[in-house]
Amino acid sequence: YALPCCAATVTGATKPTDFPPTLGAMDRSNNGSPPNSLDAFVARLSPAGARLYYSTFLGGGGIDQALTIGLDERGCATVAGYTASSNFPTTPGAFSTSMNSTSDSFITRVDLLPDGVAMFGGSSPACTGPLAASVTSMPHLGNQAFSLICGNAPPNSLGVVALAGAGLGMPVSALGVQVWVDPLRLWALPTVISNGLGAAELLLPVPQDPALVGGRIFAQFFWLGPGAPAPCPPLGLSASNGLQITILP
């Protein structure tokens, strides 16, 4: 899958212990013991394939194999495969939380967000569908490469990123879009330009300042693009989901 975020999202299985998980990922270690060291993985690459936005192991002490993946409009992944791990990670209230044979199928949903980042709200679609906002890495102190990203935006278009000190539980509607960041706590509106694929990135380096730990930033992308006819928005304005970012040590 290459959308949203115009970035390839892949799944499969890996044996090497040097498979590269990213900081803040769901599971950063291979869970199997030789010879049963095959673990499933989920990874997202940058549009050019030069960087890992997110990469995690997925599995337990036995053999785990991911076979297929699908993405929703916000970029969250649903992964399906099979497992021979009696300790495969399950969530409370799931349809089945224990192995039913020597091997079993699994379905897992992964938001592909590192520690310190959470999505909220939904997208007001552009001409090609919903917009997906995410990040490139974990928001920890000294991370000079931390960036916000947005996919499925109008290609080669002007946008802004609303950075605020609070988010909204219920959106405010304005000019045909849903605003999920608090306009009364707005900090900045930096501009961004999408590329020909509708992808954009805003670099937000995290200073090495311990006083920032625990601080929160709420962000949302807004885009100016073509208006009607449908499916383009009547006023040509579109907006992404919101992001809550908490600075970590």
Where the side chain of [X] meets the backbone of [Y], is there a donor-acceptor pair that is under 3.5 Å apart?
{"X": "Gln220", "Y": "Ser240", "value": "yes"}
{"X": "Thr22", "Y": "Ser55", "value": "yes"}
{"X": "Ser124", "Y": "Val177", "value": "no"}
{"X": "Ser103", "Y": "Thr83", "value": "no"}
{"X": "Thr9", "Y": "Arg44", "value": "no"}
{"X": "Asn241", "Y": "Ala133", "value": "yes"}
{"X": "Ser123", "Y": "Pro130", "value": "no"}
{"X": "Thr136", "Y": "Tyr53", "value": "no"}
{"X": "Ser194", "Y": "Ala153", "value": "no"}

What about [X] and [Y], same hydrophobic cluster or not, with Ile/Leu/Val/Met/Phe/Trp/Tyr joined at side-chain heavy-atom distances under 4.5 Å?
{"X": "Leu52", "Y": "Met138", "answer": "no"}
{"X": "Phe146", "Y": "Leu141", "answer": "yes"}
{"X": "Leu186", "Y": "Phe218", "answer": "yes"}
{"X": "Leu38", "Y": "Met99", "answer": "no"}
{"X": "Ile245", "Y": "Val192", "answer": "yes"}

Would you say that more than 12 heavy atoms from the other residues, nucleotides or ligands in this model lie under 6.0 Å from the CG of Leu203, or not?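 Enclosed: over 12 neighbouring heavy atoms sit under 6.0 Å from CG of Leu203.
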CG of Leu189: more than 12 outside heavy atoms within 6.0 angstrom? yes
Show your reasoning for whether side chain to side chain contact (heavy atoms under 4.5 Å, CB included) applies to Leu148 and Leu204. CA-CA 7 Å; Leu148 308 181; Leu204 286 178; 3.7 Å; yes
Compare every heavy atom of [Y] with every heavy atom of [X], then report the nearest pair and how far apart it is.
{"X": "Asp64", "Y": "Ala13", "answer": "O-CB, 3.8 Å"}
{"X": "Trp223", "Y": "Ala200", "answer": "CH2-CB, 3.5 Å"}
{"X": "Leu58", "Y": "Pro89", "answer": "CD1-CG, 4.3 Å"}
{"X": "Gln65", "Y": "Gly12", "answer": "NE2-C, 3.9 Å"}
{"X": "Pro139", "Y": "Val117", "answer": "CD-CG2, 3.8 Å"}
{"X": "Gln144", "Y": "Pro205", "answer": "OE1-CB, 3.5 Å"}

Just distance, no hydrogens or angles: give the donor-acceptor pairs under 3.5 Å from side chains in residues 157-166, sequence neighbours left out.
from   : atom 1 : to     : atom 2 : distance (Å)
Ser157 : OG     : Pro154 : O      : 3.2
Ser157 : OG     : Pro155 : O      : 3.0

When rounded to the nearest 0.5 angstrom, what distance separates CZ in Phe19 from CZ in Phe57? 6.0 Å
Side chains of [X] and [Y], heavy atoms from C-beta outward: is any pair under 4.5 Å?
{"X": "Phe120", "Y": "Leu168", "value": "no"}
{"X": "Leu131", "Y": "Phe221", "value": "no"}
{"X": "Arg28", "Y": "Leu23", "value": "yes"}
{"X": "Thr78", "Y": "Thr108", "value": "no"}
{"X": "Val135", "Y": "Ile149", "value": "no"}

Mind running side chain to side chain contact (heavy atoms under 4.5 Å, CB included) on Leu248 and Val213 for me, showing each step along the way? CA-CA 5 Å; Leu248 302 177; Val213 173; over 6 Å; no
Which is it for Tyr82 and Phe106 under the ring-ring contact (aromatic ring centres under 6.0 Å, His included) test, yes or no, and what are the steps along the way? CA-CA 6 Å; Tyr82 71 86; Phe106 72 82; 8.1 Å; no
The residue among Arg74, Met119, Met26 that forms side-chain contact (heavy atoms from CB on, under 4.5 Å) with Leu113 is Met119
If you look only at pairs with a residue in residues 90-102, which of them pass as a side-chain hydrogen bond (donor to acceptor under 3.5 Å, both in side chains), with sequence neighbours excluded?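 Every pair satisfying side-chain hydrogen bond (donor to acceptor under 3.5 Å, both in side chains) with a residue in residues 90-102: Ser96-Asn100, Asn100-Asp104.
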All pairs passing side-chain hydrogen bond (donor to acceptor under 3.5 Å, both in side chains) where residues 172-186 contributes a residue, at least two apart: none
Ion pair Asp39/Lys15, N-O distance below 4.0 Å: no
Is it true that Thr14 and Asn30 share a donor-acceptor pair across their side chains at a distance under 3.5 Å? no
